[in-house]
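Right, one structure below, let's go through it.
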Protein chains: 2
Amino acid sequence: MSTLNGVEYIDHIAYDSVVFGYAAGRLKILVMEYHNTGLFALPGGFIAMHEDLDEAVKNGLEARTGLKDIYLEQFHTFGKADRNKTDEMKKILEANEIHQKEFQWMLSRFISVGYYALINHELVTLHPDALSDSCTWYDINKLPKLIQDHASIVAKALQTLRDQIDRKLPLFALLGEKFTMQELQGLYEVILDEKLHRGTFQRKMLSMDILERHEKKYSGAANKAPYLYSFKKNWN
Amino acid sequence: MSTLNGVEYIDHIAYDSVVFGYAAGRLKILVMEYHNTGLFALPGGFIAMHEDLDEAVKNGLEARTGLKDIYLEQFHTFGKADRNKTDEMKKILEANEIHQKEFQWMLSRFISVGYYALINHELVTLHPDALSDSCTWYDINKLPKLIQDHASIVAKALQTLRDQIDRKLPLFALLGEKFTMQELQGLYEVILDEKLHRGTFQRKMLSMDILERHEKKYSGAANKAPYLYSFKKNWN
DNA sequence: CCAAAAGTGTTTTAGCTACACCCATGA
DNA sequence: TCATGGGTGTAGCTAAAACACTTTTGG
């Protein structure tokens, strides 16, 4: 058992989160950079001894983003014996001038449970943790090199999101409360990485009977104003 | 860190496996019964300090069934803080006359990674572990009461199997090497718990181009003999 | 030749795609 | 009135479902 800031954590278990956001037509995720190391990693954390796994992730993300009721989905648990490269973690601890024996447990083997989250990036204020000096949005196609197996964690999260997009459709969390059909389609396209047909997409969405139509959105441009939509109360 | 039979295991992490078999038209899973306790549980185990998570599960199942190359799929990780009821585990240790302090770690909180397996029950010779006196096939609809949250682990495994049945189709592992179309359909029906249309099912399977047709199977009954099929070498 | 079960051809249906047409909007 | 983009109608395609017909088997 290991202690950090007075809390007892379970040894050898961690979570890593792939936090998806959507801005300017781009799919992004949260990436943290550690002080003076040039090392980048997914936001993660440990599980307190008395805490549900799901709660630990929810609380950790709430601390980082300030958001409550984040949409979270567990997608895979990563347990390769060699997934923890101790030299990377050593570098991080040393850059933070942490040499004490009480933190050596962080250098040991960890099995990590992967979660992905969908959040509206406009509502977020980012808070890096004690070891990190930044917590920033990165375009999913322009990620920096990540430590350990975090690149494959991202890949698996994205694949899971693609597989589930038509089944659970929690995508309202990535958009504002109201959005145009074009914005929704753009989000689908950037997640699936393929162009969709405009008419077909609109019909499919409307036939699902999960969208509510609101007033039109006047852009000032010389063209027809699109309706705004939102998800219905009991959409799933 | 905790030791059992000279092997060092990671604290607080376990796996539980839902091993599916198919016999007499019924879907079954492996359930273990602990000595003199009346307590039933899924076959599970711990992860050695140097061992991949996937390998640990594979090795554990191989020891129990004698089978190599078992089809395994990780489906969820269970991490509720209250999922370990210590009184159940105490009962199991006491029934095995284990009171030593060195086994007390088994009473602590565990996060468990769930895997499901598909095996051909005809090829299996079952070996219960040291704490158990039996390892038996139970009809999925007639399970005994299981300890802890194992019932919900089974439910989630079954749901995952249903969701994946059309995508990965590793079902040959549940049947013999050769099988009739009716046997394959029966397996689908018992997994999905719904009747399927005979003609449609056959066409769908054949159109996938993953089955190979062999000689006919003469049953002695007064009707047309069905062909035997097997899965092609590179079926996926 | 009959009953039963297997294999396959045909029709119907549903969903998706692509194309096109009309509508709304502000320059 | 024109260019631009949004909403919807329609025809065509494909895959799946339902139905039915034919074939094979042993009594």
Side-chain angles (χ1 to χ4, degrees), chain A residues 24-25 162-169 171-172 175-232, chain B residues 24-25 162-169 171-172 175-232:
Chain A
R162 283 177 182 162
D163 291 345
Q164 297 186 343
I165 195 171
D166 277 329
R167 303 215 276 160
K168 313 199 62 168
L169 203 68
L171 300 181
F172 66 98
L175 300 162
E177 204 223 327
K178 293 182 181 176
F179 44 86
T180 66
M181 195 58 80
Q182 198 187 46
E183 288 170 333
L184 185 58
Q185 181 178 343
L187 176 54
Y188 265 76
E189 289 179 341
V190 78
I191 289 175
L192 298 176
D193 195 24
E194 64 177 317
K195 281 266 167 243
L196 301 175
H197 191 277
R198 186 174 62 87
T200 309
F201 180 80
Q202 170 142 266
R203 207 182 320 273
K204 182 176 163 185
M205 286 300 123
L206 293 180
S207 74
M208 283 188 188
D209 195 35
I210 57 174
L211 293 181
E212 202 165 348
R213 179 176 283 181
H214 301 282
E215 74 282 9
K216 292 185 176 182
K217 179 186 177 185
Y218 291 85
S219 64
N223 52 42
K224 187 171 178 176
Y227 290 106
L228 287 172
Y229 297 89
S230 67
F231 281 79
K232 289 186 179 177
Chain B
R162 282 178 183 161
D163 291 345
Q164 297 186 342
I165 195 171
D166 276 329
R167 304 215 275 162
K168 313 199 63 168
L169 202 68
L171 300 180
F172 67 99
L175 300 162
E177 204 223 326
K178 292 181 182 176
F179 46 86
T180 66
M181 195 57 80
Q182 197 188 47
E183 288 170 331
L184 184 58
Q185 182 178 342
L187 176 55
Y188 265 76
E189 289 179 341
V190 77
I191 289 175
L192 298 175
D193 195 26
E194 63 176 317
K195 280 268 167 240
L196 301 176
H197 190 276
R198 189 176 61 86
T200 308
F201 181 80
Q202 170 141 271
R203 205 184 319 276
K204 182 176 162 183
M205 286 301 122
L206 294 179
S207 73
M208 284 187 187
D209 196 36
I210 55 173
L211 294 180
E212 202 164 349
R213 180 175 283 181
H214 301 283
E215 75 282 10
K216 291 185 177 180
K217 178 186 179 185
Y218 291 85
S219 64
N223 52 40
K224 187 171 179 176
Y227 290 106
L228 287 172
Y229 297 89
S230 67
F231 281 79
K232 290 185 179 178

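Within every chain, numbering begins at 1; the chains are lettered A, B, ... in the order of the sequence lines, protein sequences first and strands thereafter. Only this structure's heavy atoms are used, side chains among them; waters, hydrogens and symmetry mates stay out.
Taking atom CG of B/Leu206 as the reference point, atom C1' of C/dA6 lies 12 Å away to the nearest angstrom. Atom CG in A/Leu184 sits roughly 15 Å away from atom C1' in D/dG7 (whole-Å rounding). Atom-to-atom, NZ of A/Lys217 to P of D/dG5 comes out at 14 Å; the value is rounded to the nearest Å. Here D/dC2 presents its C1' atom at 13 Å from CG of A/Asn223, a figure rounded to the nearest Å. To the nearest angstrom, C1' of D/dA17 lies 14 Å from CE of B/Met205. Per the geometry, CZ belonging to B/Phe179 stands 15 Å off P belonging to C/dA6, to the nearest Å. As rounded to whole Å, 17 Å separates atom P of C/dA24 from atom CD of A/Glu215. Across the protein-nucleic acid pair, A/Lys224 atom NZ and D/dT1 atom P stand 21 Å apart, rounded to whole Å.
Note on ring orientation: taking the six-membered ring where Trp is involved, the planes of A/Tyr188 and A/Phe201 are perpendicular (angle over 60°, cut-offs 30° and 60°).
Mapping B/Ala222 and A/Gly199 onto DNA chain C by nearest heavy atom places B/Ala222 closer to the 5' end of the strand. Taking the nucleotide of DNA chain C with the nearest heavy atom to each of A/Lys204 and A/Ala225, the more 5' of the two is matched to A/Lys204.
In this model, the phosphate group of C/dT25 is approached by a side-chain N or O of A/Lys216 to a distance below 4.0 Å at OP1 or OP2. Phosphate contact (OP1/OP2 of C/dT25, side-chain N/O of A/Tyr218, threshold under 4.0 Å): present. Taking only side-chain nitrogens and oxygens, A/Gln202 never comes nearer than 4.0 Å to OP1 or OP2 of D/dG6.
Checked against C/dC19, C/dG7, D/dT8, the side chain of B/Met181 finds its nearest nucleotide in C/dG7. Here the side chain of A/Thr200 is nearest to one of D/dG7, D/dT24, C/dA18, namely C/dA18.
For the pair A/Arg213 and A/Tyr229, the cation-pi test (distance below 6.0 Å, angle within 45°) is failed.
With hydrogens and angles ignored, a donor-acceptor pair closer than 3.5 Å exists between the side chain of A/Arg203 and the base of D/dG9. Residue A/Arg198 places a side-chain atom within donor-acceptor reach of the base of D/dG7, judged by atom type and a 3.5 Å distance cut-off alone.
Here the side chain of B/Glu215 pairs no donor or acceptor atom with the backbone of B/Leu228 at under 3.5 angstrom. Not one N or O on the side chain of B/Gln202 forms a donor-acceptor pair closer than 3.5 Å with the backbone of B/Gly199.
Remark: of the listed residues B/Tyr227, B/Phe231, B/Phe172, B/Phe231 is the sole one forming a ring pair (Phe, Tyr, Trp, His ring centres under 6.0 Å) with B/Phe179.
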